[in-house]
Amino acid sequence: PAAWPTSDPPRPGSTEVAEVETVTTIAEVRARTDAARAAGRTVGAVLTMGYLHEGHASLIAAARAECDLVVTTVFVNPLQFGPAEDLAAYPRDLERDVALSAEAGADVVFAPSVEEMYPRPVLTTVSVAEVTERFEGASRPTHFAGVATVVAKLLSIVGPCRAYFGEKDWQQVCVVRRVVADLSLPVEVVACPTLREPDGLARSSRNVYLEAEERAAAPVLLRALVTGRDRVLAGERDPRAVEAAMAAVVATEPLVELDYAAAVRADDLADLAVLAGDVRLLVAARVGRPRLLDNLGVTVPPA
Ligand code: PAF
């Protein structure tokens, strides 16, 4: 496979860690972004639920390289947790998040409380049809409405900006793009490449739960995706054949239990009768305790 980003992205400019300002109210962050735009400066936004890792740092660094004012939002959004998911147990460490944001190049960290974001019971939600119904949405039926609602709200708070999201969560990228387009938000969504370990495993905070043998087996997900991509590049146009080829690769690792392997239209995850245009290959599998996701894009060469 082609090389992939593995190391932590370098910060542009000096090695000094710049000052970062932490604000907790909507009024404060709006004042910062409005003032920047009024002065002709561009704004970059990286939306997170905190407990930042290298993946987030790479998004902040991408925003730093392209925008004048970089805002990281840190908010554990209750709306995107299902009834069986433990919101209280979600890891939090704001001090560390602020330090990591500063190191990666953010200027402002917006870390609102739940009361600041949702002072009253939420009656208005954003629900995106179709794109949210399959894959991750199938096992978490309310998740993407929670994501879409908070993303619409955070982007409306930050205002016109470039917003950076990781390709690792491809379905989320599709949902966010659709929200921005359908609601005419003045935002440019920038999808950034997945960071990988040297053996190709997509970096994820869930990887720490892998036992040694599971960790050794996990790169099979990228091998499956690369096999799928190579089949497409070699001329295969039947999505079922590509999916079967990816599933067969995953099946070579007994510790990896496949959830789905799919070849779909890249921008809305729709099924294609014949592969054409921009295609996204998606895999999800349980590897011991964690459930891991990965994906790869392939553009079908014209006939
Ligand atoms: O990807 C995440 O961390 C979250 O889903 C997001 C986009 C910050 C919304 O809460």
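Everything numeric in this text was worked out from a predicted model, so none of it was measured. Sequential numbering from 1 along the given sequence is applied to the chain's residues. Note that ligands are numbered from 1 as they come in the structure, with each ligand's atoms numbered from 1 the same way.
A salt bridge links Glu253 to Arg223: at least one charged side-chain nitrogen sits closer than 4.0 Å to a carboxylate oxygen.
The closest approach between a heavy atom of Asp169 and any atom of ligand 1 is not below 4.0 Å.
A centroid separation of 6.0 Å or more is found between the aromatic rings of Tyr90 and Tyr51.
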Steps toward side chain to side chain contact (heavy atoms under 4.5 Å, CB included) verdict (Asn77, Val147): CA-CA 8 Å; Asn77 172 36; Val147 170; 5.5 Å; no
Give the intermediate values and the outcome of side-chain hydrogen bond (donor to acceptor under 3.5 Å, both in side chains) for residues Glu28 and Thr25. CA-CA 5 Å; Glu28 284 169 307; Thr25 67; 2.8 Å; yes
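Near Val150, meaning under 4.0 Å from any of its heavy atoms, are these atoms of ligand 1: 9 (C), 10 (O). Shown in contact with Gln172 at under 4.0 Å from a heavy atom are these atoms of ligand 1, numbered in order with element: 1 (O), 2 (C), 4 (C), 5 (O), 7 (C). Within the listing of ligand 1, atoms 4 (C), 5 (O), 9 (C), 10 (O) sit less than 4.0 angstrom from a heavy atom of Gln80.
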